[in-house]
2 protein chains.
Amino acid sequence: MARIKREQDRDEKRDEIVAVARVLFIEEGYEATSISRLASTAGVAPNTIYWYFKDKDEVLVAVLDAELSARMSEYLALPAMSPAERLLWVANNLERVSRLVGTVHSRLAQSPVINTWHERFHALSEEMLRLELQQAGIAPNKIEALVKISVFTIEGLLAHPLPEEQKRAICNALVAN
Amino acid sequence: MARIKREQDRDEKRDEIVAVARVLFIEEGYEATSISRLASTAGVAPNTIYWYFKDKDEVLVAVLDAELSARMSEYLALPAMSPAERLLWVANNLERVSRLVGTVHSRLAQSPVINTWHERFHALSEEMLRLELQQAGIAPNKIEALVKISVFTIEGLLAHPLPEEQKRAICNALVAN
DNA sequence: GCAGCTTGTTGAATTCCATTCAACAGGATA
DNA sequence: TATCCTGTTGAATGGAATTCAACAAGCTGC
């Protein structure tokens with residue numbers, strides 16, 4: 001019992017740090033948020049972070065997981081839509097978090113934890129998109145390439161913001177054929 | 001006369017540093033190449049770099065320019081090809097430099113010089129692609145979206161390496177319609 | 001109810017960056 | 001010959017992530 005109580009405390013504190021990191025990483029960026037800043041915002045000493053996380057990348061992974069599950073429930077609660085509309089929704093919805101997407105891509109070569117998170121995330125996204133396109137009656141032999149192109153396009157839209165008009169045109173063009 | 005001689009020397013030395021930086025940035029990465037390392041490889045003290053460049057980002061821009069003009073002449077010397085083949089060529093040819101592409105994307109929010117270089121580069125690439133697609137007889141109303149999608153797809157292929165097979169399938173799918 | 005282990009927490013290093021500063025050397029200039 | 005301009009440098013500076021050794025309690029077995 002006591003042990004369980006302890007572990008609850010530990011997880012709560014960890015979650016608190018993740019909550020703070022989530023705001024800072026998203027609003028100011030991962031690189032711009034130093035461990036010191038994160039720590040002082042969370043009300044602890046810098047090295048305390050290292051009691052709960054191996055390194056800064058592990059904090060990022062925790063933030064990514066938190067953010068992903070939040071977004072995922074929003075997505076699953078979405079009403080019926082055409083694939084193009086869903087794509088546009090995703091592109092727009094991920095925009096708030098585009099800084100993090102860039103950070104993941106830039107760190108995945110150096111950080112194994114981020115690399116494996118990234119792989120899992122792509123596998124998940126592509127699986128969902130594949131299903132979506134199948135249900136929309138896209139020719140099966142076109143689906144694999146289209147899945148990749150769509151994922152790349154969403155990433156591109158996040159990295160290079162465009163006016164709503166063009167985003168819509170692009171999403172429509174993608175699923176038109 | 002003396003003045004001209006001096007400026008030649010200056011440019012030669014600068015080019016020497018760029019040549020060293022080009023190798024290091026491409027083979028080991030921008031972040032992994034410290035100014036100290038760059039300097040010692042070039043046979044000079046770390047702070048000497050700052051006599052020729054404002055900061056590390058400016059060194060990167062010089063490297064990018066050097067690399068771009070080298071690639072551009074290769075591209076222009078290419079024999080006749082279908083747009084899909086050209087796309088594949090570009091994707092494969094840029095692979096050696098994919099680390100730099102990632103670095104540009106991750107630094108463009110923080111560094112004005114890199115940001116303007118990036119904008120210029122995209123404007124140039126998109127213009128060339130647009131021309132290519134026009135000549136291939138793509139329906140004019142589809143071209144703008146297709147240009148963006150193609151650029152995003154090439155960036156995606158650089159960030160997420162795929163087997164040659166799939167790259168080819170994706171490039172073909174892009175220009176099929 | 002006390003000795004000792006475990007879990008957190010911390011201040012103070014350590015190391016590695018990019019970047020700056022002040023001094024210096026040597027050729028060009030007057 | 002005296003001075004200036006162009007390069008070059010050794011030695012800071014400041015900030016980053018991360019580590020280390022010490023300390024504080026609470027819990028555990030006796």
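Since the structure is predicted, the reported quantities are computational estimates derived from the model, not experimental observations. Here is the naming used below: chain letters follow the sequence lines, and residue numbers restart at 1 for every chain.
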For A:Y50 and C:dT10, what is the distance between atoms OH and C1' respectively, to the nearest whole Å? 15 Å

Give me the residues of residues 28-45 of chain A where at least one heavy atom lies under 4.0 Å from an atom of DNA chain C, by number, or none. A:V44, A:A45

Between B:I17 (CD1) and D:dT8 (C1'), how many Å, whole number? 11 Å

Roughly how many Å is it from CZ in A:R10 to C1' in C:dT9, rounded to a whole number? 13 Å

Could you label the plane-to-plane angle of the B:H105 and B:H122 rings as parallel, tilted or perpendicular, counting under 30° as parallel and over 60° as perpendicular? tilted

On the nucleotide D:dT18, are OP1 or OP2 found under 4.0 Å from the side-chain N or O atoms that A:K54 carries? no

Which nucleotide sits closest to the side chain of A:W51: C:dT19, C:dG8, D:dT8? C:dG8

Nearest whole angstrom, please: distance from the P of D:dA17 to the CD of A:Q110. 14 Å

CZ of A:R14 versus P of C:dG8: gap in Å, rounded? 12 Å

At their closest point, which heavy atom of B:A66 faces which heavy atom of B:S69, and how far apart are they? O-OG, 3.2 Å

B:Y75 vs B:N93 side-chain heavy atoms within contact, under 4.5 Å: no

Rounded to whole Å, how long is the line connecting atom CD1 of B:I49 with atom C1' of D:dT9? 13 Å

In terms of hydrophobic clusters joined by side-chain contacts under 4.5 Å, are A:L88 and A:V175 together? no

Whether A:K13 engages the ring of A:Y52 as a cation-pi pair (distance to the six-membered ring centre under 6.0 angstrom, angle to the ring normal within 45°) should be assessed. no

Does the gap between the ring centers of B:Y30 and B:F25 come in under 6.0 Å? yes

What one should report as the nearest heavy-atom pair of A:A39 and A:P46 is CB-CA, 3.5 Å

What nucleotide, of C:dA18, D:dT8, C:dT9, holds the atom closest to the side chain of A:Y52? C:dT9

Report the distance from atom CZ of A:F53 to atom C1' of D:dT18, rounded to the nearest whole Å. 16 Å

Nearest whole Å is fine: how far is C:dG8 C1' from A:D11 CG? 14 Å

